[in-house]
2 protein chains.
Amino acid sequence: MNFQERKKKILTALDDAGSLTVFELAEILDASPATIRRDLGDIADEGLLLRTHGGAMKMENPILTGFSEKSGVNNYVKERIAEKAASYVQDGDIIFLDCGSTVFQMCRFLKKKSIRVITNSLPILAELIDVPSIQINLIGGELNKARKASHGDKAVQHIHGYHAHKAFIGVDGLSAENGLTAHSELESTITTAFIRNAGQVMLLCDATKIGRDSYVKFAELSAIHTLITDSHVDSAKITALQQSGLHLEVVG
Amino acid sequence: MNFQERKKKILTALDDAGSLTVFELAEILDASPATIRRDLGDIADEGLLLRTHGGAMKMENPILTGFSEKSGVNNYVKERIAEKAASYVQDGDIIFLDCGSTVFQMCRFLKKKSIRVITNSLPILAELIDVPSIQINLIGGELNKARKASHGDKAVQHIHGYHAHKAFIGVDGLSAENGLTAHSELESTITTAFIRNAGQVMLLCDATKIGRDSYVKFAELSAIHTLITDSHVDSAKITALQQSGLHLEVVG
DNA sequence: TTACTTTTGATCAAATTTAATCAAAATTGA
DNA sequence: TCAATTTTGATTAAATTTGATCAAAAGTAA
């Protein structure tokens, strides 16, 4: 096994366990402690983990990681939500795809469809560019390097130039009282534009975000046609949401 | 079996297995390890896989991490042209970057500058996205998967929304008689838009394209301020170009 | 603090992998 | 067809990686 493979396994193992000792890693990777130490030193230099005495801890906010490899706690749930969302997509559809991590998970389930995708997400772009049956319309604008997506006025204008059958969006918070909320203005303007120009709006949202409010309030619950979430939601919250006439789809 | 076939099989095999050793690949392709190593080196240069000691791993996000740039005959020349072109860029500049391979080579020489880049080229985007001192404005539009760039009406409209200090463009053909020519309408409309909205237009063009005419005639020579080319051009052609008042910069 | 244990980083030899070279084979173009 | 070019595979020397050893550094407990 070479360094690249070990690096990948070390990061995955750390992501699951939080922290591991050199000897635990040596066992997992079937390598000597000397090798593990060398590896941990190199990976720590890249800023992808925290070196501790005797081992390593995972970095909570790695500077630069795409969505693609994140294998965290909510991943299984996000996948199921994404799979359900993708089942709403039919051949011939024109769809908007937002730049959140749950929406990104839809990619694997979209690869066999013949559709046109309009997106501002670079990871989605990267994931779908090699699929012959999918045409991509890239939303231009200022590049947000952290989110790996474009945003700003030009991006909003671009979206207003199109109409899609369906929009698949994410939010940072959702509640019966405050509707849809986002961390930042820039995100919310993009999402608002998607909502305005789509025939049907599907919101992908794991349970942790339901009942939580974020900073910018940008749309009413009524803007959403279908909310796809997981079964970890309080029944009280579900009732509250359903009373506002929302179509709910619960997976997992 | 030739290189192209092997390349395809290597990438497919890697995509399935994640990572493979040189010897495993040699067995799969029925070729010698020496050949496999040469192939892996070439493919890794294109940015389509990750070379490891003893083998190779698949690249997770080919577009966002690397780039398949024709690493061919003219590469040294293209680099020198690109380096000269980059020397025209100053801190604070806003520049348009076209999607040709010579323009792409400018990236390495731009990384230390503080500038704003407006481009429709995904490889350029990928190359510059991690440079903190460079802000990127991505030109949206229909994605041309082969050229890895956006184009079309929306892209042209986007460009018209900006003015840049300098535009760095490529062409398929250039002659005193026919001016600038391109292979396709789609490319030419983008380049035309760059020319219209830039204070200064720099054309990067190796000797092989000078005196050659392509299909679409889209701009006069007078649209160009500086032509950067290499020393393999006929002196006759040089004279013809200079007589039309073009500022010539010859490298190599 | 001191004594004790653990972890680390450096060094080194063994094993593996690579790049360079060159002749044979295949391909190309006239 | 033949000659020229390119590609391939074998052979090497050079470079890289690995695991073991051991002194120094860091942590722990009294």
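Letters go in sequence order (proteins before strands), and every chain restarts at 1.
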Exercise. Going by heavy atoms in the side chains, are B:Thr119 and B:Ile95 under 4.5 Å from each other?
Worked result: no
Exercise. Does B:Ser150 use its side chain to pair, donor to acceptor, with the backbone of B:Ile139 at less than 3.5 Å?
Worked result: yes
Problem set entry | Residues that B:Arg212 engages under salt bridge (Lys or Arg N to Asp or Glu O under 4.0 Å), provided they are two or more places apart | none
Exercise. Starting at NE2 of B:His53 and ending at P of C:dA15, how long is that distance when rounded to a whole Å?
Worked result: 18 Å
For this session: Kindly assign one of parallel, tilted or perpendicular to the pair B:Phe96 and B:Phe194, based on the angle between their ring planes and the thresholds 30° and 60°.
Result: tilted
Problem set entry | Distance-only polar pair, side chains of B:His158 and B:Asn137, donor-acceptor under 3.5 Å | yes
For this session: Please round to the nearest 0.5 Å and tell me the distance separating atom CD1 of B:Ile159 and atom NZ of B:Lys154.
Result: 13.5 Å
Exercise. In residues 26-40 of chain A, which ones come under 4.0 Å of DNA chain D, going by heavy atoms?
Worked result: A:Ser32, A:Thr35, A:Arg38
Seminar exercise, completed: Span of DNA chain D engaged by chain A, first through last nucleotide within the 4.0 Å heavy-atom cut-off, is D:dT18 to D:dG27
Seminar exercise, completed: Axis-to-axis angle for the helix from C:dT1-D:dA30 to C:dA30-D:dT1, ends of five pairs each, to 10°, equals 50°
Exercise. Have A:Lys78 and A:Ser101 got a donor and an acceptor in their side chains that come within less than 3.5 Å?
Worked result: yes
Exercise. Between B:Glu5 (CD) and C:dT27 (C1'), how many Å, whole number?
Worked result: 14 Å
Could you tabulate the donor-acceptor pairs under 3.5 Å formed by side-chain atoms of residues 9-20 of chain B, not counting sequence neighbours?
unit_1	atom_1	unit_2	atom_2	d
B:Thr12	OG1	B:Lys8	O	2.7
B:Ser19	OG	A:Glu5	OE1	3.2

Exercise. To the nearest angstrom, how far is A:Asn2 atom CG from C:dT17 atom C1'?
Worked result: 11 Å
Exercise. Side chains of B:Glu185 and B:Tyr215: donor-acceptor distance under 3.5 Å anywhere?
Worked result: no
For this session: Scan A:Thr21 against the nucleic acid and name what it touches under 4.0 Å (heavy atoms): base, sugar-phosphate only, or nothing.
Result: nothing
Problem set entry | Non-neighbouring partners of B:Asp39 that pass salt bridge (Lys or Arg N to Asp or Glu O under 4.0 Å), sequence neighbours left out | B:Arg6
